[in-house]
Amino acid sequence: PVQILSYLGGVVKVEETDLKPRMGFLYSIHSRNISVFINATREQDSGQYMCSVNVVDDTIRLDKNVGIINLTVLVPPAAPTCRLHGSAVVGANVTLSCSSKKGKPSPTYQWQREPPTLQVFFPPAQDRTRGTLKLTNLSLEMSGVYVCRAENQAGSENCSIVLEV
């Protein structure tokens, strides 16, 4: 554990960490509420935080003097990249792939064909975890714009690809 913030002898001290310019006590210590804030959260701020309160001349009891909280900073998906694998010719099979370089938790992917011929895809053609869509026995009618949506609890981003059979 690394101490990042303390109040001792009437002095607030913020240790030299990357959190220093972004954190502090939310209220005056005299309010007896020792909540802290972290501004401009980053993925690397995720982790376990421990609050320890020790009052002068008080008996230290670990079960009463310590509070622990786990912080998980969610990261929205970065704009995904859409790719076509294979040759888009009549009768062939192709795979459309979609991947995002960032996202916490890992994004899920949903492929959809855009209007005028709206089409939503399901397994086994679509793999929502890997971001792939397998199109088999291509026909001219399968030409169109295919959109992939990368999504997690923090947000979503899209990419698209034009399939010309």
Side-chain angles (χ1 to χ4, degrees), residues 1-6 14-27 33-52 66-165:
V2 175
Q3 184 167 316
I4 52 178
L5 182 64
S6 64
V14 184
E15 300 297 328
E16 291 294 333
T17 68
D18 66 335
L19 285 167
K20 184 173 183 173
R22 303 182 291 122
M23 82 164 317
F25 288 107
L26 193 56
Y27 304 104
N33 181 331
I34 57 170
S35 298
V36 297
F37 65 86
I38 300 174
N39 289 328
T41 54
R42 303 172 186 160
E43 184 176 2
Q44 58 265 35
D45 294 337
S46 295
Q48 190 172 75
Y49 290 79
M50 181 174 66
C51 172
S52 173
V66 175
I68 295 175
I69 190 167
N70 290 306
L71 174 66
T72 301
V73 178
L74 302 180
V75 179
T81 302
C82 288
R83 290 194 173 93
L84 168 69
H85 306 275
S87 297
V89 296
V90 173
N93 300 335
V94 296
T95 300
L96 305 182
S97 69
C98 178
S99 64
S100 181
K101 292 188 188 298
K102 281 187 180 179
K104 185 176 181 180
S106 295
T108 57
Y109 301 95
Q110 175 70 49
W111 279 98
Q112 173 177 306
R113 185 173 168 194
E114 290 293 279
T117 314
L118 178 63
Q119 187 175 3
V120 177
F121 301 95
F122 301 95
Q126 175 173 233
D127 185 325
R128 295 205 50 172
T129 305
R130 290 193 175 111
T132 57
L133 174 64
K134 293 179 181 173
L135 301 173
T136 58
N137 194 18
L138 290 178
S139 65
L140 294 173
E141 294 77 28
M142 295 170 82
S143 295
V145 177
Y146 291 76
V147 175
C148 173
R149 177 182 177 97
E151 183 174 34
N152 67 13
Q153 294 96 313
S156 67
E157 285 286 342
N158 295 339
C159 66
S160 63
I161 194 162
V162 177
L163 178 66
E164 291 184 37
V165 180

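- Rounded to the nearest 0.5 Å, atoms CD (Gln48) and CD1 (Ile68) are 5.0 Å apart.
- In this structure, the separation between CD on Gln3 and OG1 on Thr17 is 10.5 Å, given to the nearest 0.5 Å.
- In the displayed structure, Gln44 atom CD is contacted under 6.0 Å by more than 12 heavy atoms of other residues, nucleotides or ligands.
- What you find for Trp111 and Phe121 is that their closest heavy atoms are O-CD1, 3.7 Å.
- Per the SG-SG cut-off, Cys159 and Cys98 are not bridged by a disulfide [distance not under 2.5 Å].
- Using a 4.5 Å heavy-atom cutoff, the side chains of Tyr49 and Ile4 are in contact.
- Leu133 CG to Tyr109 OH: the interatomic distance, rounded to the nearest 0.5 Å, is 14.5 Å.
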Side chain to side chain contact (heavy atoms under 4.5 Å, CB included) between Lys104 and Thr72, intermediate numbers included
CA-CA 9 Å; Lys104 185 176 181 180; Thr72 301; 4.2 Å; yes
Can Arg22 and Asp45 be said to form a side chain to side chain contact (heavy atoms under 4.5 Å, CB included), step by step?
CA-CA 11 Å; Arg22 303 182 291 122; Asp45 294 337; 2.8 Å; yes
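- Here Thr117 contributes atom OG1 and Met142 contributes atom CE; the two are 11.5 Å apart, rounded to the nearest 0.5 Å.
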Does the pair Cys51 and Ile34 meet the rule for a side chain to side chain contact (heavy atoms under 4.5 Å, CB included), with working shown?
CA-CA 9 Å; Cys51 172; Ile34 57 170; 3.4 Å; yes
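- Shortest non-hydrogen contact noted between Ile161 and Leu84 is CD1-N, 3.4 Å.
- Shortest non-hydrogen contact noted between Arg113 and Ser143 is NH2-O, 2.7 Å.
- Side-chain contact between Val73 and Ile38 is absent, with no heavy-atom pair separated by less than 4.5 Å.
- Taking a 6.0 Å sphere around NZ of Lys134, one finds it holds 12 or fewer heavy atoms contributed by other residues, nucleotides or ligands.
- Using modelled atom types, one finds a donor on one side chain and an acceptor on the other under 3.5 Å when comparing Glu141 with Ser139.
- Counting all heavy atoms, side chain and backbone alike, Ser6 lies closest to Phe25 at O-CE1, 4.0 Å.
- For the pair Leu5 and Met23, the minimum side-chain heavy-atom distance is below 4.5 Å.
- The neighbour count for Arg128 CZ, taken as heavy atoms of other residues, nucleotides or ligands under 6.0 Å away, is above 12.
- The nearest pair of heavy atoms linking Asn33 to Ser35 is OD1-OG, 2.6 Å.
- Of all heavy-atom pairs between Glu157 and Pro77, the closest is CG-O, 3.4 Å.
- How far CG of Asn93 is from CG of Leu135: 9.0 Å, rounded to the nearest 0.5 Å.
- By the neighbour-count criterion of 12 heavy atoms within 6.0 Å, atom CD1 of Ile69 is sparsely surrounded, having that number or fewer from other residues, nucleotides or ligands.
- The distance from the CZ atom of Arg42 to the CG atom of Leu19 is 8.0 Å, given to the nearest 0.5 Å.
- A distance-only check finds no donor-acceptor pair linking the side chain of Thr132 to the backbone of Ser97 [under 3.5 Å].
- Between the side chain of Gln153 and the backbone N or O of Leu74 there is no donor-acceptor pair closer than 3.5 Å.
- Inter-residue side-chain proximity for Val120 and Gln110 is flagged as met; some heavy-atom pair is nearer than 4.5 Å.
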Test side chain to side chain contact (heavy atoms under 4.5 Å, CB included) on Leu138 and Val90; report intermediate values, then the result.
CA-CA 5 Å; Leu138 290 178; Val90 173; 5.8 Å; no
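- Qualifying side-chain hydrogen bond (donor to acceptor under 3.5 Å, both in side chains) partners for Glu16, counting only residues two or more places apart in sequence or in other chains: Lys20.
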